[in-house]
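Starting off with a structure, shown below.
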Amino acid sequence: MTDMKKILRKSKNERTLSDWIELIDQKYQNKNKMFYEEFILLSLIYDNIYFIFNKIEYQIDRGLPDTVSLFIIEYDDKLNKKSTKEEKYCSVFELFNEVRISGKTIKEVWDEVVF
């Protein structure tokens with residue numbers, strides 16, 4: 001039995017934090033829709049994670065100490081990079097609180113986000 005099947009056989013109350021992270025990670029890896037809060041959790045774990053809104057890719061990068069970068073990447077119709085913009089934040093939480101996409105927070109546009 002795979003680890004995932006073992007996790008899914010457990011009741012919600014029996015699952016550990018590691019189990020929950022594994023389930024959320026599987027959603028992301030399979031490009032399945034996830035809750036906004038699940039994505040924030042993964043952004044605290046991964047060094048690099050992305051989402052797409054309105055055909056624009058948003059990459060969250062925690063590769064540098066004490067800095068969280070948001071790369072906003074636009075592509076043309078042939079999927080060639082058209083432009084890249086970088087914004088820097090002190091933390092993942094600051095990024096999620098401060099970023100505005102079309103005048104809205106990430107949480108406000110979350111239902112339209114894809115991976």
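Excluded from the calculations below are hydrogen atoms, water molecules and symmetry mates; all remaining heavy atoms, backbone and side chain alike, are included.
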Cation-pi geometry met for Lys104 and Trp110 (6.0 Å, 45°)
no
OG1 of Thr16 to CD of Glu22: how many Å apart, nearest 0.5 Å?
10.0 Å
Spell out, yes or no, whether Phe35 and Leu42 are grouped together once hydrophobic residues are joined by side-chain heavy atoms under 4.5 Å, including indirect joins.
no
Starting from Val92, can I reach Leu17 by hopping between I/L/V/M/F/W/Y residues whose side chains sit under 4.5 Å apart?
yes
Atom OH of Tyr75: over 12 foreign heavy atoms under 6.0 Å
yes
Passes side-chain contact (heavy atoms from CB on, under 4.5 Å), Phe53 versus Ile56? Steps please.
CA-CA 5 Å; Phe53 175 77; Ile56 298 173; 5.9 Å; no
Close side-chain approach of Glu112 and Asn54, heavy atoms under 4.5 Å:
no
A quick test of your reading: do over 12 heavy atoms of other residues, nucleotides or ligands sit less than 6.0 Å from CG of Asp47?
yes
Hydrophobic clusters here meaning ILVMFWY residues chained together by side-chain heavy-atom distances under 4.5 Å, can you tell me if Ile52 and Ile49 are in one?
yes
Consider side chain to side chain donor-acceptor pair (under 3.5 Å). Of Lys10, Lys6, Lys12, which one does Asp19 pass it with?
Lys10
Does the ring center of Tyr28 lie less than 6.0 Å from the ring center of Phe115?
yes
Would the number of heavy atoms belonging to other residues, nucleotides or ligands and lying under 6.0 Å from CG of Asp77 be above 12?
no
Taking the side chain from Glu14 and the backbone from Ser11, do they hold a donor-acceptor pair closer than 3.5 Å?
yes
I'd like to know if the side chain of Asp61 and the backbone of Gly63 have a donor-acceptor N/O pair within less than 3.5 Å.
yes
Could you give the distance from CZ (Arg100) to CD (Glu108), rounded to the nearest 0.5 Å?
7.0 Å
Are Arg15 and Leu8 packed together at the side-chain level, in the sense that at least one heavy-atom pair is separated by less than 4.5 angstrom?
yes
Closest heavy-atom pair, Ser43 versus Ile60, reported as atoms and distance to 0.1 Å, is CB-CD1, 4.5 Å
Flag yes if Val113 and Ile73 sit in one hydrophobic cluster, no otherwise; membership is Ile, Leu, Val, Met, Phe, Trp, Tyr, and two members link when side-chain heavy atoms are under 4.5 Å apart.
no
If you take all heavy atoms of Ser91 and Val68, which pair is closest and at what distance?
C-CG2, 3.6 Å
Please check this pair: side chain of Arg62 against backbone of Ile45, looking for a donor-acceptor N/O pair closer than 3.5 Å.
yes
side-chain contact (heavy atoms from CB on, under 4.5 Å) between Glu87 and Ile72, intermediate numbers included:
CA-CA 8 Å; Glu87 298 176 2; Ile72 303 165; 3.6 Å; yes
The residue among Thr105, Ile106, Leu70 that forms side chain to side chain contact (heavy atoms under 4.5 Å, CB included) with Phe96 is Ile106
Using atom types as modelled and distance alone, determine if a side-chain donor or acceptor of Asp76 lies under 3.5 Å from a backbone N or O of Lys78.
yes
Following the transitive rule for hydrophobic clusters with a side-chain heavy-atom cut-off under 4.5 Å over Ile, Leu, Val, Met, Phe, Trp and Tyr, establish whether Val99 and Val114 coincide in one cluster.
yes
Partners meeting salt bridge (charged side-chain N to carboxylate O under 4.0 Å, His left out) with Lys82 (sequence neighbours left out)
none
Nearest 0.5 Å, please: how far is CD1 in Ile24 from CD in Glu38?
4.5 Å
